[in-house]
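Working notes for the structure below.
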Amino acid sequence: MLNIIIFGPPGSGKGTQSARIVEKYNLLHLSTGDILRDEMEKETAVGLEAKKYIDKGHLVPDEVVLKVLYHKASDYASGHGFVFDGFPRTIVQAEILDKMLEKRKMPINIVISIEVKEDELFKRMMGRAEDSGRSDDNEETIRKRIEVYKQQTFPLIDYYRNQGKLVDINGMDSVDKVFSNISRAIDFFIMKKEILP
Ligand code: B4P
């Protein structure tokens, strides 16, 4: 079983790279952003609650995110492993995820941290705004999302670095190059695991 977290600021390419990772390594993709957008589209109680935060560029409260995540994760409990995309985004979420996975004896193996400069993030998300139809892809909300990332999500870098699980990846390269560097890090982990007693 292989569990990967793909981590980075908004617009760093988490969704783009997760799609490739799940295909290559036959993993399940758990994107809290996608799950929340789906709930919003269906206008469920969770979706309506999430919309209040997402439209302003804020994080959705931990208890709301955790509720939908538990539900989804138990839907596919018996796969080869997960790519957690956009989750965790706060220390509280990370601690709860660790406890949840510890209980199931399937810890996080690698945390891929994609690094992209702020002006490039802004440029990419403004580019995506033209056809994404996403209510959070507009100038004011994008600025807010980057600020929220710095305050609430960035501290997770140290959380996972201290666990020895963090791998830094330069996200300024092309999509193919970023993916090839991520693959190299995952393959190295798999190889190391196989040669260890
Ligand atoms: P997410 O859906 O996670 O979205 P994201 O951070 O904007 O995007 P991502 O990094 O996946 O970028 P993408 O690949 O699309 O979150 C949306 C919102 O949901 C959050 O703001 C929050 O409110 C809420 N939420 C989600 N999870 C939560 C949680 N756990 N707790 C609380 N709230 C939560 O790439 C962006 C663009 O760049 C695309 O157009 C792509 O084509 C382009 N691109 C990607 N890689 C590139 C490259 N290498 N070069 C050039 N362009 C590239």
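Everything quoted here is computed from the prediction, not taken from an experiment. Whatever order the structure lists them in is the order used to number ligands and atoms, beginning at 1.
- Salt bridge annotation for Asp137-Arg128: present, with a cationic side-chain nitrogen under 4.0 angstrom from a carboxylate oxygen.
- Using a 4.0 Å heavy-atom criterion, the residues that approach ligand 1 are Pro9, Pro10, Gly11, Ser12, Gly13, Lys14, Gly15, Thr16, Thr32, Gly33, Leu36, Arg37, Ile54, His58, Leu59, Val60, Val65, Gly86, Phe87, Arg89, Gln93, Arg124, Arg128, Arg134, Asp136, Arg145, Gly171, Asp173, Ser174, Val175.
- Arg143 pairs in a salt bridge (charged side-chain N to carboxylate O under 4.0 Å, His left out) with only one of the listed residues (Glu147, Glu140, Glu139), which is Glu139.
- Between Lys105 and Glu102 no salt bridge is recorded (no basic side-chain N to carboxylate O distance below 4.0 Å).
- Of the charged side-chain nitrogens involved, at least one lies within less than 4.0 Å of a carboxylate oxygen, so that Asp168 and Arg161 count as a salt-bridged pair.
- Ion pairing between Asp34 and Arg37 holds under the 4.0 Å rule for side-chain N and carboxylate O.
- In this view, Arg20 and Asp176 satisfy the side chain to side chain donor-acceptor pair (under 3.5 Å) rule, not counting sequence neighbours.
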